[in-house]
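Note that these values count all heavy atoms, side chains included, but never hydrogens, waters or copies made by symmetry.
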Amino acid sequence: SVLEEVFYRGFIFPFLQSKLNSIWAIIITSIFFGISHYANVGNAHVLVGLFILYGFILTMIRYLTKSLIPPI
């Protein structure tokens with residue numbers, strides 16, 4: 001959703017990037033994104049892993065384009 005993008009890649013990522021190097025900011029943002037999508041269902045660890053990967057891709061897009069529009 002747009003709100004998730006604004007929160008994770010518009011707020012969390014730049015904040016972490018100001019405190020850490022960019023790759024760590026990308027990794028941590030991706031992990032937070034994945035964990036936030038945890039659902040108490042079968043194979044939840046697989047779903048969290050996929051959301052972490054998805055979060056990584058979206059955060060890399062945000063980092064490379066320096067814009068929040070493409071991940072949205």
Side-chain angles (χ1 to χ4, degrees):
S1 76
V2 173
L3 291 177
E4 284 181 328
E5 293 306 315
V6 169
F7 180 71
Y8 288 105
R9 279 156 280 284
F11 175 71
I12 297 294
F13 174 64
F15 173 77
L16 290 174
Q17 198 175 29
S18 74
K19 306 291 183 198
L20 307 166
N21 69 39
S22 294
I23 192 64
W24 280 111
I26 292 166
I27 291 168
I28 293 169
T29 302
S30 303
I31 291 169
F32 284 166
F33 180 77
I35 290 172
S36 75
H37 288 86
Y38 175 82
N40 193 11
V41 296
N43 296 324
H45 60 285
V46 173
L47 294 175
V48 169
L50 290 173
F51 272 109
I52 290 171
L53 176 62
Y54 184 56
F56 181 82
I57 292 166
L58 291 175
T59 308
M60 281 298 296
I61 291 169
R62 161 69 168 88
Y63 172 70
L64 293 172
T65 63
K66 297 179 180 28
S67 172
L68 197 54
I69 301 302
I72 289 174

Find out if a path of hydrophobic residues (ILVMFWY) with successive side-chain heavy-atom gaps under 4.5 Å connects [X] to [Y].
X: Val6; Y: Phe32; answer: no
X: Phe15; Y: Leu20; answer: yes
X: Leu68; Y: Phe13; answer: no
X: Tyr54; Y: Ile31; answer: yes
X: Ile61; Y: Phe11; answer: no

Over all atoms of both residues, closest heavy-atom pair of [X] and [Y]:
X: Asn21; Y: Ile23; answer: OD1-CG2, 3.1 Å
X: Ser30; Y: Phe56; answer: OG-CA, 2.9 Å
X: Ala44; Y: Tyr38; answer: CB-CE1, 3.5 Å

Straight-line distance of [X] [atom1] to [Y] [atom2], nearest 0.5 Å:
X: Ile52; Y: Ile57; atom1: CD1; atom2: CD1; answer: 12.5 Å
X: Glu4; Y: Leu58; atom1: CD; atom2: CG; answer: 9.5 Å
X: Ser22; Y: Leu64; atom1: OG; atom2: CG; answer: 10.0 Å

Short side-chain to backbone donor-acceptor contact, Arg62 and Arg9, under 3.5 Å: yes

Sidechain-backbone polar pair: Thr29 side chain, Ile26 backbone, donor-acceptor under 3.5 Å: no

Ring geometry between Phe51 and His37 (parallel below 30°, tilted from 30 to 60°, perpendicular above 60°): parallel

Those residues that, when tested against Leu50, pass side-chain contact (heavy atoms from CB on, under 4.5 Å) (two or more places apart): Val46

Heavy-atom check, side chain of Ser36 versus side chain of Tyr8, under 4.5 Å: yes

Any side-chain heavy-atom pair of Ile12 and Phe7 under 4.5 Å: yes

